[in-house]
Amino acid sequence: MYTAPLKDLRFVLTELVGDATLAEWPDFADYSAELRDSVLEEAAKFAATVLDPLYRVGDIDGAQWTPDGVRMPPGFKEAYRKYVESGWPALRGSAEYGGQGLPSTLVTAVEEMWASANLAFKLCPMLTLGASEAIGLAGTAEQKRLFLAKLVSGEWSGAMNLTESQAGSDLSLIRTRAVRDGDHYRLYGQKIFITYGDQDLTANVIHLVLARIDGAPDGTRGISMFIVPKYLVNDAGSLGARNDVQCLSIEHKLGIHASPTCVMAYGQKDGAVGYLIGEENRGLEYMFIMMNAARLSVGVEGYAVAERAFQQAVAWARSRLQGRPISATAATAGPQPIINHPDVKRMLLLMRSQTEAMRALALYTAFELDTARHHPDQERRRAAQARGDLFIPIVKGWSTETGIEVASIGIQVHGGMGFIEETGAAQALRDVRICTIYEGTTGIQAADLAGRKIARDGGAALTALLADMQAQLEALPADDATLKEIRRAALEGVVALGDAGQALGRLMAAGPEQGLAVSVPFLCLAGIVCGGWLLARSAAAARRLASEGGDQEFLLGKVQSARFYAAQVLPRAEQLRAIVKSGAGSVSEADAALI
Ligand SMILES: Cc1cc2nc3c(=O)[nH]c(=O)nc-3n(C[C@H](O)[C@H](O)[C@H](O)COP(=O)(O)OP(=O)(O)OC[C@H]3O[C@@H](n4cnc5c(N)ncnc54)[C@H](O)[C@@H]3O)c2cc1C
């Protein structure tokens, strides 16, 4: 049973992100605390009453391939219909095409609830959004007229077709061919691992396909992006003939069983009709522009599943009786709820504090991306873009790696029953395991962070972040011992990150193969320290609100969680700093043949 963490979402948005600022910008003049709260509350209800009940059935029954197309598990069609009727797909979409144009900051909070309640379901709207953003970004007026409104409303779904069996992380190897045929193209090739490449939720599926036009240059500079609808669309917008695109099979996989992962064949007969988006050979460039939103969304998945795992673990730990109290002064001698054992408390605090840290960083990042797009001041937009760009690989890489850690601890809290499918604790771990892989593996995120986001600007964005973190932490009240201790640990983390950042810069200058040998430890270090900075701010805000008579249970829980993070998570930064500073030799000088 999942309950949306509405108190924490509101707390992060108001106290850490300062979402009230959004209403000061012309694009979000209608934004208000009332609007935010009503969206969050309605989403929480939808997540709990419509999506969560399908969590288990989706895992057990899974999506099924049939010769007539993919069939979704029982209940999914009805849930999707309700999702569309309630207007949820349109939250972020442009107003011109029926969308509500809400800030990414708020939509990110809503996406967390979808991903916690039912990660497999959440992927369909996420990919549809990606497809509509691509068409909105570079499509012609006619393409927008034909496809955008139906994607924004959710009447049709979208799928992103990048991967081929020989082209995963390395998209320069894409072989799908596109041949010009009058005003359109014919596509031939096979794509694998295509999420929601087919389903029976919507009347049409709009595929965005990366392919190489005959005669295009080799490598990444020769890739173009095409719209390939499952059913061709007539001028008036009605469905026409079936296009030459087929789902050949779906994968049997570790988790997210309800999300169909499709092998798609294009052009088995006379070629799949495709429409070029934007200019020839610029497909990857367009994909990169949309990547921030997609990577943020997958980062959110990491802590959304962690939140679900935490809720389940804490409920279990309160009801499972085992062992005697250690304390001599304990009132009862009999078996006690395991939550009272120091090590179980430790595990639950590790789950909760890391989840809160990841949520804070993701919502902060979403706000930076909103600022980069919508702030009236150009200089502020530029700085926010640099900060958002820096954070994206950290949110994607760190939150998904940590999501796996948290889901795994969730199993440990359950003991043997955690290993038994019936309790559902294992599903969280199986589901979240994909998040470090799709939308760019952790290795790819770390390379992006070290190369594009740090080495390329000579460390300027990182230096600006370190200065901001330090100034904000130093300005925090430190009049009680707990806050003082949290602040001290967070500041030490900032020093460790600065130090490791310089070491990474030197390694990258010596050659990327040097820096990339320690880039994942650096990424994890950055995530931990950013989380420590935001949790220190969160503890100070919670203390203040508690002293003003706010919700004591929630606010003191926030301080407790930040204190634990400072004591038991932030020290990992020291270890990671030592790894980064130890240099690349142990990796770069290792002989691959001897591994
Ligand atoms: C369930 C699921 C859903 C998916 N959905 C979609 C989808 O909707 N659309 C789509 O197009 N694709 C999708 N994918 C594909 C996914 O994006 C790729 O699996 C992913 O990009 C990794 O590619 P790969 O599997 O070929 O692994 P590889 O690229 O072979 O990577 C294997 C390992 O090598 C490492 N590696 C590779 N290159 C580098 C490098 N340059 N630097 C450092 N490390 C490197 C990786 O980090 C990884 O650890 C999906 C995959 C799955 C499993």
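Computed over heavy atoms, backbone and side chain alike; hydrogens, waters and symmetry mates excluded. Everything quoted here is computed from the prediction, not taken from an experiment. Counting starts at 1 for both ligands and their atoms, following the listed order.
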Going by the 4.0 angstrom heavy-atom rule, the piece of Asp170 near ligand 1 is neither
Open item on the list: When you measure from the side chain of Arg212 to the backbone of Gly219, do you find a donor-acceptor pair of N or O atoms at a distance under 3.5 Å?
Closed with: yes
Going by the 4.0 angstrom heavy-atom rule, the piece of Leu162 near ligand 1 is both
Candidates Phe193, Tyr438, Tyr196; heavy atom nearest atom 6 (C) of ligand 1 found on Phe193
(message) I'd like to know whether Lys122 forms a salt bridge (Lys or Arg N to Asp or Glu O under 4.0 Å) with Glu301, so could you lay out the CA-CA distance, the side-chain angles of the two residues, the decisive distance to 0.1 Å, and finally the verdict.
(response) CA-CA 9 Å; Lys122 177 256 182 193; Glu301 293 173 9; 2.6 Å; yes
Heavy-atom proximity to atom 12 (N) of ligand 1, picking from Val209, Thr163, Val298, points to Thr163
Practice task
Take atom 49 (O) of ligand 1 and look for protein heavy atoms under 4.0 Å from it; say yes if you find one, no if not.
Solution key: no
(Q) When you measure from the side chain of Lys253 to the backbone of Ser259, do you find a donor-acceptor pair of N or O atoms at a distance under 3.5 Å? (A) yes
- prompt: Is the Tyr55-Phe121 ring centre distance short of 6.0 angstrom?
  reply: no
Among Ile192, Asn161, Ile444, closest by heavy atom to atom 41 (N) of ligand 1 is Ile444
Q) Between Gln199 (side chain) and Thr202 (backbone), is there a donor-acceptor pair under 3.5 Å? A) yes
> When you measure from the side chain of Arg430 to the backbone N and O of Leu254, does any donor-acceptor pair fall under 3.5 Å?
Replying inline: yes
Q) Counting heavy atoms not belonging to Lys144, are there more than 12 under 6.0 Å from its NZ? A) yes
Practice problem: Please indicate, with yes or no, if any protein heavy atom is found under 4.0 Å from atom 28 (P) of ligand 1? | Solution: yes
Numbered in order shown, the ligand 1 atoms found under 4.0 Å of a heavy atom of Met160 are 7 (C), 8 (O), 9 (N), 10 (C), 11 (O)
For atom 47 (O) of ligand 1, the closest protein heavy atom turns out to be Thr441 OG1, 2.6 Å
Do Ser224 and Arg282 have a side chain donor and acceptor closer than 3.5 Å? no
So the atoms of ligand 1 within less than 4.0 Å of a heavy atom of Ile434 turn out to be 1 (C), 2 (C), 52 (C), 53 (C)
Is the side chain of Gln143 donor-acceptor paired with the backbone N or O of Thr140 at a distance under 3.5 Å, no angle test?
yes
Nearest heavy atom to atom 22 (C) of ligand 1, choosing from Ala447, Pro512, Ser169, belongs to Ser169
For atom 53 (C) of ligand 1, is there a protein heavy atom at a distance under 4.0 Å? yes
If we number the atoms of ligand 1 from 1 as shown, the ones under 4.0 Å from a heavy atom of Thr195 are 3 (C), 4 (C), 5 (N), 6 (C), 7 (C), 8 (O)
Atom 24 (P) of ligand 1 has as its nearest protein heavy atom Gly168 CA, 3.9 Å
*Any cation-pi pair here, Arg180 with Tyr185, using under 6.0 Å and within 45°?*
no
(Q) Atom CD of residue position Glu251 - does it have more than 12 heavy atoms of other residues, nucleotides or ligands inside 6.0 Å? (A) yes
Among Ile437, Leu210, Leu123, Leu516, closest by heavy atom to atom 20 (C) of ligand 1 is Ile437
- Heavy atom of protein closer than 4.0 angstrom to atom 31 (O) of ligand 1: yes
*atom 44 (N) of ligand 1: any protein heavy atom closer than 4.0 Å*: no
